[in-house]
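Report on the following structure.
Keep in mind it's a predicted model, so treat the numbers as computed, not measured. Atom set for the values below is all heavy atoms of this structure, side chains included, hydrogens, waters and symmetry mates excluded. Counting convention: from 1, in listed order, for ligands and their atoms alike.
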Amino acid sequence: MMNRRQILRAAAAGAAMMTYMRSAQAATYDLIIKGGRVIDPSVGLDGVRDVAIAGGRIVAVDADIVGDAVETIDARGKIVAPGLIDIHTHAGRGKDSPALALQDGMTGFVDAGSGGPDNIDEIAAVLRGGPQIGRALVNVATRTGFTGGELLDINRANVSLVRGAIARHRDVVIGVKARLSQDVAGANDLEGLRRAQEAATSFNLPVMIHIGQSVSPMRAILPLLKRGDIVTHMYAPPPNSILDEQGRLIPDVAAARRRGVIFDFGNGVSGHFTWDMVERATKQGFWPDTLSTDWNAMSRTTGVIDFPNVMSKLLMFGMPLAQVVACATTNAAKVFDAFSDRGTLNVGAPADVAIMELREGSFEFLDNYEGRRTGGHRLFPIATVLNGKRVPART
Ligand SMILES: [Zn+2]
């Protein structure tokens, strides 16, 4: 039997051993995001939870996670959402753009048509060098040296050149973009779209069209779209918008959605949306499937500002917060296979997280025609986690 002194010594040794083991072992988690309002529409979750991350993946989402973490983010009072996926940006135009967009929570993006077959190599190089998943839609028309619209001369849209661009960049190019407004395409809108479709379908890829102020009406354009294709700038004003002269949603538009065509917000800067169009369409129940910014490196100085600001605009029109988050995460992830494991905080998923704050107050929002509307809430980007690692904050 041990005497009292021996017992104490054994206990001390045991405690020392425990301390040693704890410090020698790796912590249970790399990161815990504590106490935020987790909104993950991919699993129908909206509630206060902790999110635990290890090895770059989500390992637990629970009410109160115990266990050591190398780093903890206090998210009380904040919204914790899957990393934002923006399917219409121009983040491939500048070497530093992907990292800049990442600071605002954009953990995945699509550059929509900055590169035609002639300059896609440069865009693809930027995307490959970026920290997050960046993919591209190749423009159906060559881009270099054009003044005005790239489809005004239809010879710029060469199907075999587009196919060649896709074949060279299968890892980056995930679709084809065609801009159809009159200043870009003139009377070549339908032929430009046909050529985009011809190139895309040979690789089983989607086409994204930019609508608004086109020569051809929606009833002529929409039949050229297949399931999974995307209409961006969905609330672009007339001529030839998604509404008829009486402001009613054109039946062909609703029919296109029913057969699987995606309708995307596409904020942009000029010509792409008016508050009036948003109001009329949403009052008829025609909401976006996906939200997007049409982002570029100057966006912080325009009405875009950042992705959470664009999301706030739909919130102002009464879209529920969980649906707004869905449009910027899980819905966007479903549009392109490249994001098939993203847009979710489900256990096992890559740990891409956007932490935002929903502030109350008086916030002014801009459309593309100097129209101003004031909303009572705005989402602000607070912190971003990419593949389990916290991204340095925006300065
Ligand atoms: Zn664009």
| query | So, for Trp275 and Tyr235, is the gap between ring centers shorter than 6.0 Å? | reply | no

| Would you find more than 12 non-hydrogen atoms of other residues, nucleotides or ligands less than 6.0 Å from Asp337 atom CG? | no

| said: I'd like to know whether the aromatic ring centres of Tyr369 and Phe273 sit less than 6.0 Å apart in this structure. | reply: no

| Within the stated cut-off of 2.8 Å, is an N/O/S atom of His210 closer than that to the Zn ion (ligand 1)? | no

| request: Specify which N/O/S atom of Asp294 comes nearest to the Zn ion (ligand 1), by atom name. | output: OD1

| said: I'd like the atom name of the N/O/S atom in His90 lying closest to the Zn ion (ligand 1). | reply: NE2

| task | Quick one: report the N, O or S atom of His88 that is nearest to the Zn ion (ligand 1). | result | NE2

| query | So, for His272 and His210, is the gap between ring centers shorter than 6.0 Å? | reply | yes

